[in-house]
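Contents: one structure, followed by commentary.
Quick caveat: nothing in here was measured; it's all calculated off a predicted structure. The basis for the numbers below is simple: all heavy atoms, side chains too, and nothing from hydrogens, waters or symmetry mates.
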Amino acid sequence: MKFQRQPLRRQIQQEILTRIVDGRLTAGQRINETHLAEDLGISRTPLREAMLTLGAQGHLQSRMGKGFAVPPLDPGEFEQIQLMLAALQPAALARSMPLKPERLLEITNALNRGGMGLQRAPEGARRGLALAGFVFSWHQALLGQCPATMLAAQATRLEELAARYWFAVGSRGWDAGQMQQSLAGCYEVIRQGDAPRACAIWSDHINRYGQEAVAALRG
């Protein structure tokens with residue numbers, strides 16, 4: 001595996017995060033840094049630097065004298081993430097509206113790609129990846145040019161933390177059909193430019209489907 005163009009540490013962080021989300025680095029697993037460095041084709045120094053950053057962001061746990069581990073899946077954490085997103089994302093959306101035509105087109109594309117991805121990945125890990133990717137791509141399309149950069153960055157960090165939970169929920173067969181329809185409804189209100197209504201509907205959406213996903217994870 002070769003890492004190019006972007007700063008090496010950021011690329012390594014992204015690769016580790018991808019492996020956490022898709023379960024290659026399983027929840028509760030202690031990470032063997034030597035084996036992971038060999039697998040990535042890098043030395044342990046940039047790997048450790050990337051893992052320290054991911055630990056500070058909440059993606060990894062640092063254990064005294066035992067290195068790093070992937071945190072266990074905790075439905076309570078997932079629930080708290082969704083509650084925070086229900087406040088942060090609508091606030092970021094309010095500062096982004098009205099959205100430019102190119103941003104609306106990007107949201108349309110995210111909806112279409114996400115729906116097709118779920119249709120083509122009916123079960124198991126593939127569906128988990130499709131659902132996690134759908135949720136995150138919608139977030140990126142919606143808030144990718146938010147002028148409140150610190151607010152958007154915090155929301156993005158939380159979405160990254162939530163991604164492995166969406167993967168787990170999707171892998172267990174949770175039906176995201178109604179959530180897709182709700183996203184399409186949110187988009188129509190956003191497209192009309194009614195910021196207060198769009199933010200209220202978006203907050204309700206996050207609360208409703210976040211709670212459904214948490215229940216599915218607990219079940």
Side-chain angles (χ1 to χ4, degrees), residues 1-89 92 125-126 128-144 146 148-172 206 210 213-214 217:
M1 184 174 297
K2 295 183 179 180
F3 297 98
Q4 298 175 351
R5 289 187 288 274
Q6 297 180 21
L8 179 62
R9 185 189 304 177
R10 177 57 185 164
Q11 293 182 74
I12 298 169
Q13 289 172 21
Q14 190 58 53
E15 177 62 23
I16 296 171
L17 185 56
T18 298
R19 295 184 182 209
I20 291 172
V21 170
D22 67 19
R24 281 179 287 171
L25 293 174
T26 58
Q29 174 186 343
R30 178 182 174 274
I31 297 175
N32 186 312
E33 294 181 34
T34 300
H35 290 173
L36 183 56
E38 290 176 356
D39 190 35
L40 296 177
I42 58 175
S43 70
R44 289 184 62 182
T45 298
L47 175 64
R48 176 160 282 272
E49 290 174 349
M51 292 171 73
L52 284 168
T53 299
L54 289 172
Q57 294 172 346
H59 298 292
L60 294 173
Q61 292 177 337
S62 178
R63 298 177 175 176
M64 185 66 67
K66 296 182 179 180
F68 292 89
V70 180
L73 288 172
D74 177 3
E77 179 187 56
F78 188 30
E79 184 174 30
Q80 290 299 313
I81 290 171
Q82 295 306 306
L83 288 172
M84 287 186 284
L85 285 172
L88 290 178
Q89 286 198 343
R126 287 180 60 194
L129 282 174
L131 180 58
F134 187 13
V135 173
F136 192 73
S137 65
W138 165 272
H139 163 83
Q140 287 184 306
L142 195 65
L143 302 181
C146 176
T149 54
M150 292 183 66
L151 178 59
Q154 180 66 1
T156 297
R157 186 184 75 85
L158 290 170
E159 282 289 9
E160 289 177 340
L161 286 170
R164 68 189 187 121
Y165 290 102
W166 287 114
F167 173 83
V169 170
S171 298
R172 297 180 187 188
I206 296 172
V214 169
L217 192 63

*Residue pairs fulfilling salt bridge (Lys or Arg N to Asp or Glu O under 4.0 Å) with at least one residue in residues 132-141, sequence neighbours excluded*: none
[X] vs [Y] side-chain heavy atoms within contact, under 4.5 Å:
{"X": "Gln11", "Y": "Pro46", "answer": "no"}
{"X": "Leu60", "Y": "Ile20", "answer": "yes"}
{"X": "Arg172", "Y": "Leu217", "answer": "yes"}
{"X": "Ile16", "Y": "Gln13", "answer": "no"}

*Distance-minimising heavy-atom pair for Ala27 and Pro72*: CB-CA, 4.0 Å
*Which atoms form the tightest heavy-atom contact between Pro75 and Val214, and what is the distance?*
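For Pro75 and Val214, the tightest heavy-atom pair comes out as O-CG1, 4.0 Å.
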Roughly how far apart are [X] [atom1] and [Y] [atom2], rounded to 0.5 Å?
{"X": "Leu36", "Y": "Ile42", "atom1": "CG", "atom2": "CD1", "value": "7.0 Å"}
{"X": "Ser171", "Y": "Leu131", "atom1": "OG", "atom2": "CG", "value": "8.5 Å"}
{"X": "Leu47", "Y": "Leu40", "atom1": "CG", "atom2": "CG", "value": "6.5 Å"}

Output a table of donor-acceptor pairs, distance under 3.5 Å, between side-chain atoms of residues 153-162 and any protein atom two or more places apart or on a different chain; print 'none' if there are none.
| residue | atom | partner | partner atom | Å |
| --- | --- | --- | --- | --- |
| Gln154 | OE1 | Arg157 | NE | 3.4 |
| Thr156 | OG1 | His139 | NE2 | 2.8 |
| Thr156 | OG1 | Ala152 | O | 2.9 |
| Arg157 | NH1 | Gln57 | O | 2.8 |
| Glu159 | OE2 | Gln89 | NE2 | 2.8 |

*Which residue, His59, Arg48, Gln29, forms the side chain to side chain contact (heavy atoms under 4.5 Å, CB included) with Phe68?*
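Among His59, Arg48, Gln29, the one meeting side chain to side chain contact (heavy atoms under 4.5 Å, CB included) with Phe68 is Arg48.
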_Test of understanding: with salt bridge (Lys or Arg N to Asp or Glu O under 4.0 Å), list the residues that count as partners of Glu38, not counting sequence neighbours._
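Checked Glu38 against salt bridge (Lys or Arg N to Asp or Glu O under 4.0 Å); zero matches.
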*Measure from the side-chain N and O atoms of Thr26 to the backbone N and O of Gly23, and report whether any donor-acceptor pair falls under 3.5 Å.*
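No, Thr26 side chain to Gly23 backbone: no donor-acceptor pair under 3.5 Å.
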_I'd like to know if Arg19 and Asp39 make a salt bridge, using a cut-off of under 4.0 Å between side-chain N and carboxylate O._
yes
Tell me every residue that passes side-chain hydrogen bond (donor to acceptor under 3.5 Å, both in side chains) with [X], counting only those two or more places apart in sequence or in another chain.
{"X": "Glu77", "value": "Tyr165"}
{"X": "Asp74", "value": "none"}
{"X": "Gln80", "value": "none"}
{"X": "Arg30", "value": "none"}

Contacts of [X] that satisfy side chain to side chain contact (heavy atoms under 4.5 Å, CB included) - sequence neighbours left out:
{"X": "Ala125", "result": "Phe167"}
{"X": "Ala213", "result": "Phe78, Trp166, Val169"}
{"X": "Arg44", "result": "Glu33, Thr34, Ala37"}
{"X": "Ala141", "result": "Glu106, Ile107, Ala110"}

